[in-house]
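Take a look at the structure set out below.
Order of the sequence lines sets the chain letters (A, B, ...), proteins ahead of strands, with each chain counted from 1.
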Amino acid sequence: MINEIALNDWYPVAMASELKPGCRLNRVLMEREIQISNDGDKTHAFEGSRVLPLQIRYDHVWTSLGAPARPLFEIPEGEQDGRRLVACGRVHVRCSPLRAVENFLDIAHFPYVHTGILGAEDHPEVERYDVEIDDEKDEVWARQVKFFQPQAAKSAEGGIMADYMYRVPAPTTSILYKTCPARVGEWDIITLFVQPVSETTCDVWPWMALYDDETPFNDLVQFQQTIFMQDRSILENQIPALLPLDPKMETPTRADLTSIAYRRWLKRRRMFYGAQTIAA
Amino acid sequence: MTQQSPSPTAKPSSSWIPVALSAGFRPGSNIRVFADGNDIALWSSFSGKLSAWVNRCPHRGMRLSHGFVRGEMLACIYHGWHFAQDANCKYIPAHPELVPGEMICAQAHHAHEQDGLLWVSCAEEEPDAPARLPGFGVRSLLIDAPRPVLAGVLEVTHEAQGRWELTLADQPVILGVQDWPEGRTGVHLLTKEAVSAETKKMLSRELEAMRRTCEAIAPVSASASASVPSGPSSRSGDAA
Amino acid sequence: MKLYDYVLSGNCYKIRLFAALLGIPYETVAVDLYPGKEQTRPAFLRLNPAGTLPVLQDGDLTLTDSSAILTYLARRHDPTGQWCPQDPELLAQLVGWLSFADDLTRTSGAARLHAIFKKPIDSVAAQKGAHALLRRLELHLCDQEFDDSSFLLGKAPTIADIACFPYVALAPDGGVELDGYAAVQRWIYAIRKLDGFLPMPGIHPLHEHPDKPLPEGLNARLEA
Amino acid sequence: MSFAKIEFYGTFDTRHFCDWIGHRAHKLGLTGRIEAASSERITLYVQGQEELLNAMEVACSLGPIDADVSHTNLVFIDPADASDWPNRFQIDVGPEVLADRR
């Protein structure tokens with residue numbers, strides 16, 4: 001069942017760069033077939049003959065099957081001068097859209113899933129960090145996250161303690177603010193925009209806004225694709241396929257605080273599309 | 001062998017089910033098998049001890065059959081939680097100093113090695129060992145047809161505890177038979193006596209010929225065949 | 001030596017893996033196969049009119065087929081002849097497996113591109129084709145094991161193994177599971193265990209190597 | 001061994017949540033007791049390894065499906081002040097909570 005909450009949110013369905021004049025893209029959003037078309041000067045989204053709301057931001061096309069309850073979230077940093085904006089295409093995954101977001105919020109898997117890149121087996125410890133559900137903004141934030149990384153970014157050389165912040169501005173979007181190797185004091189932004197295809201399948205659109213004038217564009221894209229494809233086999237093998245909102249069958253620890261806060265927030269705002277809502 | 005009681009989600013079984021051949025299951029192996037419809041991680045420690053666990057990490061639900069063996073432990077590929085032979089978690093890398101309590105554990109079924117076969121039981125109590133029937137492993141094979149089709153095709157002379165005795169290309173052989181999800185069947189071929197490599201190659205082809213016959217009778221649909229092992233995804237199927 | 005490379009391509013990975021195993025130095029040029037479709041643009045088509053990856057440039061030589069590149073690297077950099085044997089019987093078999101590897105690309109590789117990038121192909125047919133090839137591979141590897149051999153042509157790995165490995169090991173990415181192919185799984189392990197093995201996204205490094213110790217803290221605790 | 005007082009605030013079926021907490025304490029190998037004051041607050045006195053006490057707070061902050069935990073508060077307690085803590089998990093549910101349930 002698609003609940004109202006899920007229906008009324010904004011979702012990414014295409015990269016802006018795909019919108020060539022005359023193009024017509026077929027997409028599936030929450031089990032419904034929709035079309036994105038460009039008539040030369042304007043882009044439209046339809047479900048059958050019904051016109052859907054549409055906006056183009058952060059290099060992606062966003063639409064909604066319902067009446068969006070609130071505007072699309074802001075990423076002010078993404079609009080700062082001097083950043084390189086990198087849309088990485090989409091990766092289809094047989095997992096709940098919520099699991100894709102949850103995994104993105106997790107650092108403890110770096111040593112085993114992203115071995116030698118984002119983590120190392122001899123530095124697995126997760127230090128204490130702060131998590132907050134911001135009721136006013138209706139967002140989840142994790143701050144003061146630190147983790148040892150052998151190669152934190154394409155432009156990083158040698159291991160560093162990377163500083164992270166995570167922000168969940170919408171149930172199917174996660175934004176990572178990460179130590180910027182090229183510009184001290186600034187944050188690189190790496191986001192995961194998730195398009196729910198069904199409750200157990202999704203298309204993931206990674207997008208980055210980086211201060212990095214040196215790394216070739218293609219290397220940036222492929223670094224991000226490498227990381228996400230390492231996650232993909234994990235995501236397709238978690239049981240149950242739906243994200244449990246009652247962790248009775250699981251054993252979260254302090255390192256899972258962001259994941260648990262994310263689930264708590266989903267539960268509170270009654271976003272159940274892709275979630276397991278029966279008591280485990 | 002483990003002492004943990006089986007998963008409450010496990011479907012009950014009365015006895016042992018042959019799930020793999022001993023031959024080739026080297027120390028450090030970790031594979032996914034099915035018994036009584038249960039998804040199971042079957043693994044061997046580097047000293048050769050065998051375990052069969054519910055294929056689900058108690059931390060965040062990752063399939064343990066994707067994990068890796070370290071010494072006498074199985075580690076989950078997702079966050080590296082290490083589980084010892086008794087299925088108890090011994091190490092949580094995110095909190096290296098933490099000594100997990102014994103209730104933080106994987107869920108164990110029973111595992112047993114005998115007569116060239118690896119056996120799993122999902123029964124509450126560990127059943128008595130299967131009757132002795134020594135065999136020499138040749139190969140395993142997955143057939144896209146259900147067990148009754150095999151039974152109809154083969155002339156089984158004797159049947160006991162998941163093993164069929166029959167003659168294949170004039171050789172007396174044993175076939176360990178195991179139900180897979182979606183109407184498929186796993187078979188594990190053994191000879192009653194040690195045979196040459198040439199004989200094994202011949203038997204391997206005979207077994208494939210038998211598979212072709214079975215699948216011609218009852219083909220599993222192509223889509224089912226392709227999607228079988230992607231695992232449970234329904235709400236009800238995941239409920240504990 | 002320059003490799004035009006796409007990190008998620010199994011065919012490019014063949015070259016990266018083999019170069020790593022032999023310790024051959026090279027530089028890479030990342031080509032934006034997805035989402036950029038750079039291989040269809042004029043600049044790339046001048047390099048390789050077929051519009052495919054990988055492409056290897058070594059001096060004046062340009063090679064555009066992964067099996068051709070593997071053969072070239074083996075003959076040029078492996079004086080022992082292990083990786084590309086010249087014995088007529090073995091060489092003939094090797095060529096057969098290189099062709100088999102291309103069949104894997106067309107089936108398992110295509111199913112994977114469909115599963116990841118929604119490439120519009122008949123995915124069910126591709127998966128079915130992949131299973132048919134895996135059955136043939138399983139039969140052959142069982143034969144090899146009966147002769148105490150772990151690899152496609154015998155006791156030592158050759159470029160036949162390297163060519164076939166990626167789209168077998170990556171098959172689960174495309175919904176083609178390897179459960180039930182016991183000999184194939186053992187062969188994958190044997191390749192992952194080779195000195196100098198290089199992983200790629202979807203293929204893990206050998207975490208379960210018997211020589212790898214338990215974590216230090218855990219060892220200390222177990223001894224206490 | 002560490003000792004902590006953990007408080008949960010929110011809206012929940014107190015009896016159900018208490019059972020859930022007891023289950024989690026058992027899973028983590030913790031001992032202590034629950035004092036359920038109302039359907040909006042539960043207080044937990046719990047002992048075990050520090051990291052497991054943290055895990056207890058994390059798991060219960062999500063809790064059972066019908067619980068909405070708004071916030072939690074964990075305070076570590078001097079062991080000297082906890083000498084008489086029970087060695088198994090006890091659930092004390094006040095009569096007002098049981099009344100709530102009806």
Side-chain angles (χ1 to χ4, degrees), chain A residues 14-18 20 25-28 59-60 86-95 109 111-118 120-125 154 195 197 201-207 215-237, chain C residues 4-10 12-13 16 27-39 41 43-44 53 111-120 123 169-179 197-209 212-219:
Chain A
M15 286 191 295
S17 62
E18 292 178 274
K20 307 280 190 296
L25 307 171
N26 296 309
R27 293 287 140 88
V28 179
D59 294 334
H60 287 78
V86 185
C88 302
R90 69 169 162 170
V91 174
H92 185 70
V93 193
R94 289 170 296 174
C95 77
H109 72 284
Y112 297 94
V113 180
H114 308 299
T115 313
I117 305 175
L118 299 183
E121 255 204 83
D122 51 357
H123 290 86
E125 185 165 7
K154 192 67 201 176
Q195 170 190 346
V197 173
T201 53
C202 60
D203 283 340
V204 170
W205 305 84
W207 180 73
T215 311
F217 181 87
N218 293 355
D219 288 317
L220 293 173
V221 172
Q222 291 185 32
F223 182 79
Q224 191 53 31
Q225 290 181 341
T226 295
I227 298 301
F228 191 74
M229 280 303 292
Q230 289 176 332
D231 287 319
R232 188 173 178 273
S233 70
I234 303 290
L235 289 170
E236 296 197 336
N237 282 285
Chain C
Y4 291 81
D5 187 39
Y6 177 59
V7 72
L8 301 184
S9 154
C12 293
Y13 171 58
R16 299 198 300 271
E27 55 178 305
T28 57
V29 180
V31 178
D32 186 10
L33 195 82
Y34 182 84
K37 293 186 188 163
E38 193 180 343
Q39 79 283 5
R41 289 189 221 151
F44 187 86
L53 285 173
R112 179 171 171 269
L113 284 180
H114 175 83
I116 299 172
F117 296 137
K118 297 275 186 72
K119 187 178 179 180
S123 169
L170 294 170
D173 273 355
V176 177
E177 297 295 337
L178 297 173
D179 309 313
F197 175 79
L198 182 81
M200 80 163 270
I203 304 175
H204 291 291
L206 196 68
H207 289 293
E208 66 269 40
H209 200 282
K212 277 196 180 163
L214 288 171
E216 256 175 57
L218 177 57
N219 252 337

Taken to the nearest 0.5 Å, the spacing of A/Asn26 CG from C/Lys118 NZ works out to 11.0 Å
Pick from A/His92, A/Arg232, A/Arg90: which one makes a side-chain contact (heavy atoms from CB on, under 4.5 Å) with C/Ile116?
A/Arg232
Relative to chain A, which segment of C/Glu216 carries a heavy atom at a distance below 4.5 Å: side chain, backbone, both, or neither?
neither
Considering all heavy atoms of both residues, which atom of A/Ala87 and which atom of C/Pro35 are nearest to each other, and what is their separation?
O-CG, 4.2 Å
Can you tell which part of C/Val29 gets under 4.5 Å to a heavy atom of chain A, answering side chain, backbone, both or neither?
neither
Would you mind checking which part of A/Asp203 comes under 4.5 Å of any heavy atom in chain C, side chain (CB onward), backbone (N, CA, C, O), both or neither?
side chain
With rounding to the nearest 0.5 Å, note down the distance linking OH in C/Tyr6 to CD in A/Gln225.
3.5 Å
Scored by heavy-atom pairs under 4.5 Å with chain C, the best of A/Val204, A/Asn218, A/Ile234 is A/Asn218
Proximity breakdown for A/Phe217 and chain C, heavy-atom pairs closer than 4.5 Å
side chain
For A/Val221, is it the side chain, the backbone, both or neither that has a heavy atom under 4.5 Å from a heavy atom of chain C?
side chain
What is the minimum heavy-atom distance between A/Met229 and C/Asp173, and which atoms define it?
CE-OD2, 3.7 Å
d(A/Gln222 CD, C/Asp5 CG) to nearest 0.5 Å is 6.5 Å
Among C/Gly36, C/Gly202, C/Ala115, which residue forms the greatest number of heavy-atom pairs with chain A at distances under 4.5 Å?
C/Ala115
Quick one: what part of A/Thr226 sits under 4.5 Å from any heavy atom of chain C, side chain, backbone, both or neither?
both
Listed by chain and number, what are the side chain to side chain contact (heavy atoms under 4.5 Å, CB included) partners of C/Pro199, not counting sequence neighbours?
C/Phe197, C/Pro205
Looking only at heavy atoms, the pair that brings A/Ser233 and C/His204 closest together is OG-NE2, 4.2 Å
Non-neighbouring partners of A/Gln230 that pass side chain to side chain donor-acceptor pair (under 3.5 Å), sequence neighbours left out:
A/His114
Minimum-distance pair of heavy atoms, taken over all atoms of C/Pro172 and A/Glu236
O-OE1, 4.5 Å
What part of A/Glu121 lies closer than 4.5 angstrom to a heavy atom of chain C: side chain, backbone, both or neither?
side chain
Within a radius of less than 6.0 Å around NZ of C/Lys212, do more than 12 heavy atoms belonging to other residues, nucleotides or ligands occur?
yes
